[in-house]
Every structure is written in structure tokens, then in C-alpha cells.
Number of protein chains: 2
Amino acid sequence: MVSKYLAIYNEIMSKIENGRIECNTKLPSENDLMREYNVSRDTIRKALNLLEQNGYIQKIKGKGSFVLDINKFDFLVSGLTSFKELSEKIGVKSNTIVKELELIRPDKFLMNQLKVSKDDVIWKVVRVREIGDKKIILDKDFLNKKFVPLLTRDICENSIFEYIENDLGLKISFAKKEITVQQATEEDKNYLDLENYNVIVVVKNYIYLDDMSLFQYTESRHRPDRFKFVDFARRNC
Amino acid sequence: MVSKYLAIYNEIMSKIENGRIECNTKLPSENDLMREYNVSRDTIRKALNLLEQNGYIQKIKGKGSFVLDINKFDFLVSGLTSFKELSEKIGVKSNTIVKELELIRPDKFLMNQLKVSKDDVIWKVVRVREIGDKKIILDKDFLNKKFVPLLTRDICENSIFEYIENDLGLKISFAKKEITVQQATEEDKNYLDLENYNVIVVVKNYIYLDDMSLFQYTESRHRPDRFKFVDFARRNC
DNA sequence: TAGTGGTCTAGACCACGTG
DNA sequence: ACGTGGTCTAGACCACTAA
């Protein structure tokens with residue numbers, strides 16, 4: 001069961017994304033929307049607040065809610081979108097090659113990153129992402145077997161994310177992301193079409209479940225010229 | 001006048017930051033907090049939602065609200081924090097050198113970025129940021145004179161941000177940030193201590209006011225080994 | 001003055017987790 | 001059975017914008 005305010009959020013959001021509500025126009029007032037959807041004002045406000053947080057609209061006191069045009073062409077790499085969701089959204093031909101898929105014991109680095117002990121068993125997945133025939137991204141995922149008992153080549157070629165959320169029913173709630181630039185390693189050079197670049201953009205992802213348990217650590221290594229991170233931020237309070 | 005929920009948010013937030021509320025402990029329940037602060041449940045919930053959005057707590061249905069330890073040591077470069085706020089927060093000795101400060105007419109690139117016409121007048125500010133005696137960051141700011149009539153060397157050495165918010169009373173509401181990696185230019189090499197790096201991390205910032213007008217475009221060019229971007233993201237809905 | 005969004009309240013019912 | 005957070009309602013007052 002989807003809540004009312006989420007349903008309203010999704011409806012307005014897709015109208016904005018499809019252009020059925022034009023940019024820089026004014027949304028109906030909260031009172032109008034109340035009547036339109038037959039809900040209370042609070043429910044409308046929850047939906048509008050979500051739209052505002054995610055950069056779709058800007059509310060101005062005394063005036064109304066206005067549609068922004070920021071999300072239009074820039075795909076936001078921010079948030080928790082997966083590679084599959086992303087490449088589908090921007091409609092670019094892409095391909096995933098699974099290089100490694102195995103169960104390992106964590107070394108010191110991993111014990112620290114994943115906060116596990118040496119007796120835990122960890123899935124290690126190494127994948128190369130091809131975008132337009134070039135090997136651009138090297139993804140290294142580490143998942144605690146406690147949460148994900150089984151992983152197959154098929155799942156990894158499709159989307160680990162989808163498998164976890166849909167099939168396993170685990171709820172991902174938040175992530176911490178860290179972006180740095182490092183010297184390219186031999187592994188990077190072997191697996192990717194790095195051309196003459198000797199540095200690589202490293203995106204570290206720490207992914208947490210609903211119950212606050214850290215269950216996945218991911219390192220995404222991007223060829224620098226093909227990397228772009230877009231973020232939408234609101235000034236706090 | 002600060003709203004009640006913001007006051008409560010700030011109080012709990014600073015308790016968490018100071019460690020007066022320990023990590024991984026449970027906050028009082030919403031009902032307890034209602035009584036503690038003598039407000040309605042909705043007001044408490046607004047405060048807690050803000051804390052959750054900003055990564056301070058995680059709410060779990062049926063259990064309670066738990067304090068996260070993510071913000072502890074990582075300074076978040078995400079959001080809209082300015083260089084001055086940031087360097088004060090992490091307590092590193094830093095210095096700003098103003099290289100250029102002048103009024104210009106926009107060229108094609110700027111007209112596009114700032115969405116202004118060729119008759120507008122634009123402040124151009126170029127600053128070098130020293131961190132621990134090394135020139136690490138090159139900041140190029142472009143501000144529409146329509147919004148900021150006067151800029152001085154003093155203001156630029158201190159914080160343009162503070163001046164705009166405190167002295168001019170303009171309200172910054174949101175920003176779009178874009179991170180890419182580019183070849184270092186001659187200007188980068190001249191102004192910065194780049195050592196042997198020939199690439200540079202470029203952070204483009206589009207800053208908007210309360211009324212949705214784009215009033216500042218900023219390019220922050222970082223030496224790659226000293227760049228780190230940390231982001232906290234919640235899975236949408 | 002009328003309309004807008006921002007805040008706050010009091011009360012209701014639900015779904016989830018624990019004992 | 002109980003306490004927790006999640007949703008929804010109806011009504012109130014305020015501050016801001018516009019005509």
C-alpha cells in the first residue's frame with residue numbers, strides 16, 4: 001500500500017519529468033490541490049516538500065510553488081541510483097562484464113570498511129562497465145554473506161541492487177559516498193580502456209539497511225574524462 | 001523568530017555533535033519529547049525528520065530513533081558550506097589570496113552559465129586557497145552586479161558568503177553542484193602548487209536565491225590529491 | 001483585502017517490534 | 001498488549017505577496 005502523499009508526489013513528479021507540467025510555471029495552490037486530490041492540506045504539503053527536496057519545485061511564501069528546470073537534462077548521479085537505473089535513464093548503450101565473483105575472508109582493509117570480523121564470509125564482485133564500447137568503470141563490491149546468502153553471475157550482470165530490493169526484500173535506507181582521485185593501479189589499467197590517463201576517480205559507497213546495519217561496501221573506479229557527479233543541495237534550514 | 005521545530009532540531013543536533021548524546025543510543029520517544037519540550041507531536045516529528053535527512057539519526061518503526069555516528073569525523077563537503085565555514089570546522093590553518101577582483105562584461109560562456117545578457121555587469125573574483133602552506137584550490141566566482149552592488153578585497157579575503165547572507169540579507173536557497181576532472185590549464189599551473197599533477201578536479205556551483213534567480217556561478221579547481229567530497233544520501237521515499 | 005505558503009495543535013488510526 | 005514511529009485529518013493563526 002502506497003501512502004497518499006507518495007502517490008501524489010509521484011504523479012506530479014512524472015508530470016514534470018514528462019513536460020506535462022511546464023518549467024517555470026506555477027503549480028496549483030495547496031488549497032486547490034487539496035480539492036483536486038480530496039485530501040487534507042498536510043498530505044499535499046508532504047508531497048510538495050518531497051518535490052522541493054528533490055529539486056523539482058521551489059516554494060515561495062505568498063506566491064506559490066514553481067517548477068524548476070534543473071532536473072531536465074542533467075541526470076543526477078547523486079542519491080542512491082544504481083548503474084542500471086542510471087544508464088536506462090540516460091538511454092545509453094551499456095554493458096556489464098563480471099570479472100570476479102567469489103566468497104572471501106576479509107583482509108584488514110575490508111574488516112575495517114565493512115565492520116566485520118575475520119570469521120565472516122564476504123562476497124567479492126568485480127565488474128567492468130562498458131559505455132559505448134569503451135570500458136569506463138571498474139566496480140568492486142563487497143557484501144556480507146549474512147545478508148546476501150546467494151549471488152550468481154546472472155544477478156551481477158543484471159543488477160545486484162534490484163535483486164537485493166525486490167527478491168531479498170532488504171530495504172536500503174541510506175548511503176555515505178566519498179569521491180577522491182587516485183593514481184590508477186595495475187588492475188585499473190588491465191581492466192579498463194584508460195588510454196593515457198594515469199589517475200582514476202574513486203567513488204566509495206557505504207550502503208546501510210533499514211536497521212542501520214552496514215551491509216555493502218562498493219568502490220566505483222571511473223576514467224576521469226568520463227566522470228561527472230551532479231548534486232542538488234538545499235541550504236540547511 | 002526561530003520556529004519551535006528548528007530550535008528543537010538545533011538543540012538535539014548540537015547535543016549529538018558535542019557528544020552529549022552518544023552515538024548508537026536511542027533518543028527519547030516522540031511522546032517523551034512532546035512532554036519534554038511542551039509541543040505537539042507534529043512539531044517533534046518535523047525536528048526529527050530534519051535530523052534524519054541530515055544524517056544525524058535513523059528512525060526505525062516500532063523501535064525508536066537512533067543516533068548515527070557518520071557525521072562524527074567526516075566533514076561533509078556536500079551541502080552548501082563555504083570554504084570559510086569548512087576550514088573552521090575542520091580546524092586547519094588556511095589562507096585566502098585574492099588574485100583578481102574586477103567588473104567585467106560577460107563573454108558567451110558566462111552569459112550561458114549565468115543566464116545574463118551582454119549588457120549586464122559581472123563581478124569576477126579569482127582567489128587562491130592555501131591549506132597548510134600549499135596552494136591547493138583556485139576559486140573563480142562570478143556574481144551578477146544586480147544583486148551584489150559592491151565587493152571589496154576585504155570581503156573576498158574573508159567570506160563572500162557571509163557578506164551576502166549577513167550584510168546584504170540575500171537568502172541563498174539551493175545550489176547545483178557538478179564535479180568533473182579536467183586537464184590542468186596554464187592558469188591552474190601558475191596559481192597553484194600542482195606539483196606533478198596535470199589534471200584538476202573542477203567543482204562547478206550554480207547558486208540560486210530564494211526567488212529562484214541564479215545569482216552566482218563558481219568554479220572551484222582542486223589539486224586532485226587533496227580533493228575529497230563526502231555525501232550523505234537517503235534512498236528516495 | 002484576498003490568497004499564498006509556514007507553523008502549530010489535538011486527535012485518530014495503522015503497522016511494526018518487543019515482551 | 002503495549003509502545004513505537006507513519007499517515008491522515010480539520011482547524012487555527014501568522015507572514016508574506018499581490019492587486
Side-chain angles (χ1 to χ4, degrees), chain A residues 1-12 24-53 56-68 169-171 173-174 208-213 234-237, chain B residues 1-12 24-53 56-68 169-171 173-174 208-213 234-237:
Chain A
M1 175 51 189
V2 185
S3 56
K4 290 190 189 177
Y5 78 90
L6 262 186
I8 296 172
Y9 164 77
N10 282 320
E11 185 171 331
I12 298 179
N24 301 315
T25 57
K26 197 159 85 87
L27 283 185
S29 75
E30 295 180 350
N31 283 311
D32 290 342
L33 290 170
M34 273 173 67
R35 284 183 281 274
E36 187 178 332
Y37 288 99
N38 263 307
V39 295
S40 72
R41 184 160 165 236
D42 213 50
T43 302
I44 293 294
R45 285 180 58 73
K46 272 191 200 156
L48 294 186
N49 282 338
L50 259 187
L51 288 166
E52 189 177 32
Q53 273 170 42
Y56 289 103
I57 64 171
Q58 173 72 18
K59 302 214 255 174
I60 304 180
K61 199 194 293 191
K63 290 176 114 176
S65 301
F66 297 86
V67 180
L68 298 175
L170 294 175
K171 272 196 213 140
S173 76
F174 61 93
Y208 294 79
L209 293 179
D210 232 12
D211 60 354
M212 297 165 56
S213 51
R234 287 198 172 271
R235 183 92 172 138
N236 261 343
C237 324
Chain B
M1 176 51 189
V2 186
S3 56
K4 290 190 189 178
Y5 78 89
L6 262 186
I8 296 172
Y9 165 77
N10 282 320
E11 185 172 329
I12 298 179
N24 302 315
T25 57
K26 196 160 85 89
L27 284 185
S29 75
E30 294 181 352
N31 283 312
D32 290 342
L33 289 170
M34 273 173 65
R35 285 184 281 273
E36 188 178 331
Y37 287 99
N38 263 308
V39 294
S40 73
R41 183 162 166 233
D42 214 49
T43 302
I44 293 294
R45 284 179 59 74
K46 272 192 200 154
L48 294 187
N49 282 339
L50 259 187
L51 288 167
E52 189 177 33
Q53 272 171 40
Y56 288 104
I57 65 170
Q58 173 71 18
K59 302 213 255 174
I60 304 180
K61 198 192 295 192
K63 290 176 111 175
S65 302
F66 297 86
V67 180
L68 298 176
L170 294 175
K171 271 195 213 140
S173 77
F174 60 92
Y208 294 79
L209 293 179
D210 233 13
D211 62 354
M212 298 166 54
S213 52
R234 287 197 171 273
R235 184 88 171 143
N236 262 343
C237 326

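Quantities reported herein were computed from a predicted structural model and do not represent experimental measurements. Chain letters run A, B, ... following the sequence lines, proteins first and then strands; every chain starts at 1. FYI, side chains are in, hydrogens and waters are out, and symmetry mates aren't considered; it's all heavy atoms of this structure.
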### Task
Can you label the angle between the B/F174 ring and the B/Y208 ring as parallel, tilted or perpendicular, going by 30° and 60°?
parallel
### Summary
Whichever of A/K61 and B/G62 has the more 5' nearest nucleotide on DNA chain D, that residue is B/G62
### Task
Using a 4.0 Å heavy-atom cut-off across all strands, classify A/I60 as base, sugar-phosphate, or nothing.
sugar-phosphate
#### Entry: Least distance between heavy atoms, A/S173 atom then B/Q58 atom
OG-NE2, 3.5 Å
### DNA chain D-proximal residues of residues 27-37 of chain A, any heavy atom under 4.0 Å
none
### Task
For A/D211 and A/S213, test the side chains for any donor-to-acceptor distance below 3.5 angstrom and give the result as yes or no.
yes
### Message
Any donor-acceptor pair under 3.5 Å linking the side-chain atoms of A/S40 with those of A/D42?
### Response
no
## Note on the structure
Between B/I44 and the options B/K4, B/R35, B/M34, the side chain to side chain contact (heavy atoms under 4.5 Å, CB included) test singles out B/M34
### Qualifying residues under side chain to side chain donor-acceptor pair (under 3.5 Å), relative to B/E11, sequence neighbours excluded
B/Y37
### Task
May I ask you to test the B/I8-B/K46 pair for a side-chain heavy-atom distance under 4.5 Å?
no
### Query
First contact, last contact: which nucleotides of DNA chain C are these for chain A, 5' to 3', heavy-atom distance under 4.0 Å?
C/dG3 to C/dT7
### Task
Grab the CG-P distance between B/D211 and D/dC16 for me, whole Å please.
15 Å
### Query
Within this structure, what is the CD1-to-P distance between B/I44 and D/dG3, rounded to whole angstrom?
19 Å
### Message
Can you confirm whether A/E52 sits close enough to A/N49 that some side-chain heavy atom of one is under 4.5 Å from a side-chain heavy atom of the other?
### Response
yes
### Query
Using a cut-off of less than 4.0 Å, is there contact between a side-chain N or O of B/K59 and OP1 or OP2 of D/dT4?
no
### Query
Taking for each residue the nucleotide of DNA chain D bearing the nearest heavy atom, is the 5' side occupied by B/E52 or by A/N38?
B/E52
